[in-house]
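To start, the structure under review is shown below, and the notes come after it.
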Number of protein chains: 2
Amino acid sequence: MDNAILLGDLADLFKVFGDSSRIRILYELLEAESCVNDLAQRLDMTQSAVSHQLKILKMNKLVNNRREGKQIIYFLADDHVSTILSMGREHLLEGR
Amino acid sequence: MDNAILLGDLADLFKVFGDSSRIRILYELLEAESCVNDLAQRLDMTQSAVSHQLKILKMNKLVNNRREGKQIIYFLADDHVSTILSMGREHLLEGR
DNA sequence: CAAACATATGAATAAGTGTTCATATGTAAA
DNA sequence: TTTACATATGAACACTTATTCATATGTTTG
């Protein structure tokens, strides 16, 4: 058995969380799944910028999507996302 | 009461984890507290590079240090560090 | 106090990255 | 099959950042 994880991969995963635009997208999706334009509007970002970031989130399996008519609905891939975010929050809260 | 966390701060925290040098340092410290030169040797990094990264880890309260004679011993600040690392590992392991 | 050892720091450089702009792809409606 | 809508993509630019090199700070030993 080989449970070993490449530390580089681990760093790459955290790198995804290390951008405030992506964090804000994840938080939005934590509340409700939504399409690209809705995210862009709510976060006051360009449609292009959101799309670029969603691609990165998807590649890292943090979000998934499905087509629904014209639009594409994005949603969180699993609950690791919210767990990881919570751990980060806790660390910040205790460091006050 | 205000439990709110600035999402930018959260991103900044994860940014710290998003570098393989820092992750490797944290993993070494997870096994045993150590001084700068030992880390540099074991990780095959410059003493300067290690020192620079330790400074960032310290600023973010992920590690602490104490002086012991000539050398300065670094160690993990709390167990959030290992918890956060574990969450990341789990996500990677399940995505296979 | 001087020499040796351990760590920290600052400037410079190279590599990586997020956003914007323009445009392409793909889907639904007329 | 045009037209309009929703999203994706690629190139360019500005910005951040990790490492290296040289050197400074601080501690112990002779």
Side-chain angles (χ1 to χ4, degrees), chain A residues 6-29 32-77, chain B residues 6-29 32-77:
Chain A
L6 295 177
L7 299 192
D9 294 342
L10 196 51
D12 286 342
L13 174 63
F14 285 119
K15 209 170 294 182
V16 180
F17 286 89
D19 175 78
S20 62
S21 293
R22 286 190 291 265
I23 289 271
R24 293 199 308 147
I25 290 176
L26 290 176
Y27 260 86
E28 284 293 323
L29 296 183
E33 53 182 30
S34 27
C35 65
V36 182
N37 268 325
D38 282 4
L39 286 172
Q41 247 189 307
R42 288 202 291 266
L43 299 175
D44 192 33
M45 290 176 63
T46 302
Q47 175 270 321
S48 179
V50 173
S51 186
H52 277 298
Q53 298 309 331
L54 284 172
K55 184 178 188 176
I56 294 177
L57 292 172
K58 179 112 189 282
M59 275 174 39
N60 286 273
K61 303 189 179 184
L62 299 179
V63 306
N64 264 321
N65 60 19
R66 67 169 181 277
R67 177 174 285 278
E68 224 168 67
K70 274 191 232 182
Q71 35 196 16
I72 294 187
I73 311 289
Y74 280 83
F75 51 93
L76 295 187
Chain B
L6 295 177
L7 298 193
D9 293 342
L10 195 52
D12 286 342
L13 174 63
F14 285 119
K15 211 170 292 183
V16 180
F17 286 90
D19 175 78
S20 61
S21 293
R22 286 191 290 266
I23 288 271
R24 289 172 53 210
I25 290 176
L26 290 175
Y27 260 86
E28 283 294 322
L29 296 182
E33 53 182 30
S34 26
C35 65
V36 182
N37 268 324
D38 283 3
L39 287 172
Q41 247 189 305
R42 288 202 291 266
L43 299 176
D44 192 34
M45 290 175 65
T46 302
Q47 175 270 320
S48 180
V50 173
S51 186
H52 277 297
Q53 298 308 330
L54 283 172
K55 185 178 188 177
I56 293 176
L57 292 172
K58 180 111 188 285
M59 275 173 38
N60 285 272
K61 304 189 179 182
L62 299 179
V63 306
N64 264 321
N65 60 17
R66 66 169 181 276
R67 179 173 284 278
E68 223 167 70
K70 275 191 234 182
Q71 35 195 18
I72 294 186
I73 311 290
Y74 280 84
F75 51 93
L76 294 187

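Here the structure is a predicted model, which is why all the values come from computation and not from measurement. Chain letters run A, B, ... following the sequence lines, proteins first and then strands; every chain starts at 1.
Of the side-chain N and O atoms in N37(A), none sit less than 4.0 angstrom from OP1 or OP2 of dC5(D). Side-chain N/O atoms of Y74(A) include none lying less than 4.0 angstrom from OP1 or OP2 on dA6(D). Not one side-chain nitrogen or oxygen of K55(A) sits closer than 4.0 Å to the OP1 or OP2 atom of dA8(D). Here T46(B) reaches the OP1 or OP2 of dT20(D): one of its side-chain N or O atoms lies under 4.0 Å away. For R67(A), no side-chain nitrogen or oxygen approaches OP1 or OP2 of dA28(C) to under 4.0 Å.
Place I56(A) and L54(B) on DNA chain C by their nearest nucleotides, and L54(B) ends up nearer the 5' end. Heavy-atom nearest nucleotides on DNA chain C were determined for D19(A) and for Q47(A), and the one closer to the 5' end corresponds to D19(A).
Ring geometry for F14(B) against F14(A) counts as parallel: the plane angle stays under 30°, on a 0 to 90° scale with 60° as the upper cut.
Protein atom CZ of F14(A) is 20 Å distant from nucleotide atom C1' of dG16(C), rounded to whole Å. As a whole-Å value, the separation of D38(B) CG from dT7(C) C1' is 13 Å. As rounded to whole Å, 9 Å separates atom C1' of dT19(C) from atom CD of Q53(A). Distance N65(B) CG to dA8(C) C1': 11 Å, rounded to the nearest Å. Rounded to whole Å, the distance from NE2 on H52(B) to P on dA12(C) is 14 Å. The distance from atom CD of E68(A) to atom C1' of dG26(C) is 17 Å, rounded to the nearest whole Å. Between the NZ atom of K15(B) and the P atom of dC15(D) there is a distance of 15 Å, given to the nearest Å. Atom CG in L57(B) sits about 14 Å away from atom P in dT17(D), given to the nearest Å.
A 4.5 Å side-chain heavy-atom check between L29(B) and L39(B) finds at least one atom pair inside the cut-off. Between F75(B) and R66(B) the shortest side-chain heavy-atom distance falls below 4.5 Å. Here the side chains of F17(A) and L26(A) are in contact, with some heavy-atom distance below 4.5 Å.
For K70(B), taking side-chain heavy atoms from C-beta onward, the closest of the listed nucleotides dT19(C), dA6(C), dT7(D) is dA6(C). Of the candidate nucleotides dT7(C), dA18(D), dA11(D), dT7(C) has the atom lying nearest to any side-chain atom of Q71(B).
Applying the 3.5 Å distance criterion, the base of dC21(D) shares a donor-acceptor pair with the side chain of S48(B).
Of all non-hydrogen atoms in L7(B) and R24(A), the two that sit nearest each other are CD1-CG, 3.7 Å.
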